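Only a predicted model underlies this, so the values are computations on that prediction, with no experimental measurement involved.
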Amino acid sequence: MADSGFGEGAEKAAEAVAESVAAAREKFSRLSDDVQNRYKQVSKDVRRGAERAGKELRKSADSARESYRDAADKVQKTYKRTRSELKRVSRDVGEYVQENPGKALLIAAGVGFLFGLIVRRRDDED
């Protein structure tokens, strides 16, 4: 009789353990599914964010490239225009000096004198 009570207790304990194990497996399965679902969602969010960031970077790079091209074109045009003007001025000055050597010499001396005064005043102030 004592054995049957012990056997019943062992059976009940085994059933309780089996039920606990089954419940734990079920909880673990649900937890595992939840973790997998969250991982998939986070992966999608990260992928979307990376795609958006990539698009924005491409837009910014394209915009910067276009701005650089525009600036380079403007600088190149300005350089060509300035170079042309300097050639013209140089040619005009050369012609003036050939036609009026005395005046050119006096103008150069006057400019040199004024430049000397300006430099001298700066040296005195320092």
Side-chain angles (χ1 to χ4, degrees):
M1 200 182 229
D3 282 339
S4 78
F6 181 70
E8 277 182 37
E11 241 179 73
K12 285 182 181 178
E15 286 176 19
V17 167
E19 287 175 10
S20 294
V21 167
R25 281 186 181 153
E26 179 64 27
K27 284 182 181 179
F28 181 75
S29 177
R30 280 186 294 201
L31 180 63
S32 176
D33 290 344
D34 187 43
V35 167
Q36 286 178 351
N37 290 336
R38 288 181 187 212
Y39 172 77
K40 288 176 185 177
Q41 185 61 42
V42 167
S43 293
K44 286 178 186 177
D45 292 345
V46 168
R47 192 175 314 115
R48 272 190 243 124
E51 288 171 357
R52 270 189 252 127
K55 286 178 185 177
E56 289 299 318
L57 284 173
R58 280 189 292 278
K59 283 181 187 177
S60 295
D62 290 343
S63 176
R65 207 174 293 119
E66 188 64 31
S67 295
Y68 172 78
R69 279 190 210 121
D70 290 345
D73 287 345
K74 287 178 184 176
V75 167
Q76 197 170 32
K77 287 176 185 176
T78 302
Y79 171 77
K80 287 179 181 179
R81 190 172 42 247
T82 302
R83 186 173 175 196
S84 174
E85 274 296 307
L86 285 175
K87 282 183 182 180
R88 187 188 60 74
V89 168
S90 176
R91 186 178 54 247
D92 291 348
V93 168
E95 288 175 6
Y96 182 81
V97 169
Q98 285 179 352
E99 293 172 5
N100 304 297
K103 283 184 181 179
L105 184 61
L106 289 174
I107 291 172
V111 169
F113 179 76
L114 290 174
F115 183 71
L117 286 176
I118 292 170
V119 171
R120 184 172 169 207
R121 284 187 186 157
R122 285 190 185 165
D123 288 342
D124 290 344
E125 290 175 3
D126 289 339

Seminar exercise, completed: So OH of Tyr79 and OG1 of Thr82: to nearest 0.5 Å the spacing works out to 9.5 Å
Problem set entry | Candidate list Arg38, Gln36, Arg30, test side chain to side chain contact (heavy atoms under 4.5 Å, CB included), partner Asp34, passing option | Arg38
For this session: Answer yes or no: is there a donor N or O on one side and an acceptor on the other, between the side chain of Ser32 and the main chain of Phe28, under 3.5 Å?
Result: no
Problem set entry | Any side-chain heavy-atom pair of Lys59 and Glu56 under 4.5 Å | yes
Problem set entry | Gap between atom OG of Ser90 and atom CD of Glu95 - 0.5 Å precision | 10.0 Å
For this session: Ignoring hydrogens and angles, tell me if any N or O in the side chain of Thr78 forms a donor-acceptor pair with the backbone of Lys74 under 3.5 Å.
Result: yes
Exercise. Under the side-chain hydrogen bond (donor to acceptor under 3.5 Å, both in side chains) criterion, do Gln41 and Asn37 qualify, and how do the steps go?
Worked result: CA-CA 6 Å; Gln41 185 61 42; Asn37 290 336; over 6 Å; no
Exercise. Once you round to the nearest 0.5 Å, how far does CD of Glu19 lie from NZ of Lys12?
Worked result: 12.0 Å
Exercise. Hey, are Arg48 and Glu51 close enough for a salt bridge, meaning a charged N less than 4.0 Å from a carboxylate O?
Worked result: no
For this session: List the steps, then state whether side chain to side chain contact (heavy atoms under 4.5 Å, CB included) holds for Lys80 with Lys77.
Result: CA-CA 5 Å; Lys80 287 179 181 179; Lys77 287 176 185 176; 5.8 Å; no
For this session: Flag yes if Val119 and Val111 sit in one hydrophobic cluster, no otherwise; membership is Ile, Leu, Val, Met, Phe, Trp, Tyr, and two members link when side-chain heavy atoms are under 4.5 Å apart.
Result: no
For this session: Would you kindly confirm whether Leu105 and Phe113 end up in one hydrophobic cluster when ILVMFWY residues are joined by side chain heavy atoms under 4.5 Å apart?
Result: no
Problem set entry | Arg88 with Glu85: basic N within carboxylate O range, under 4.0 Å | yes
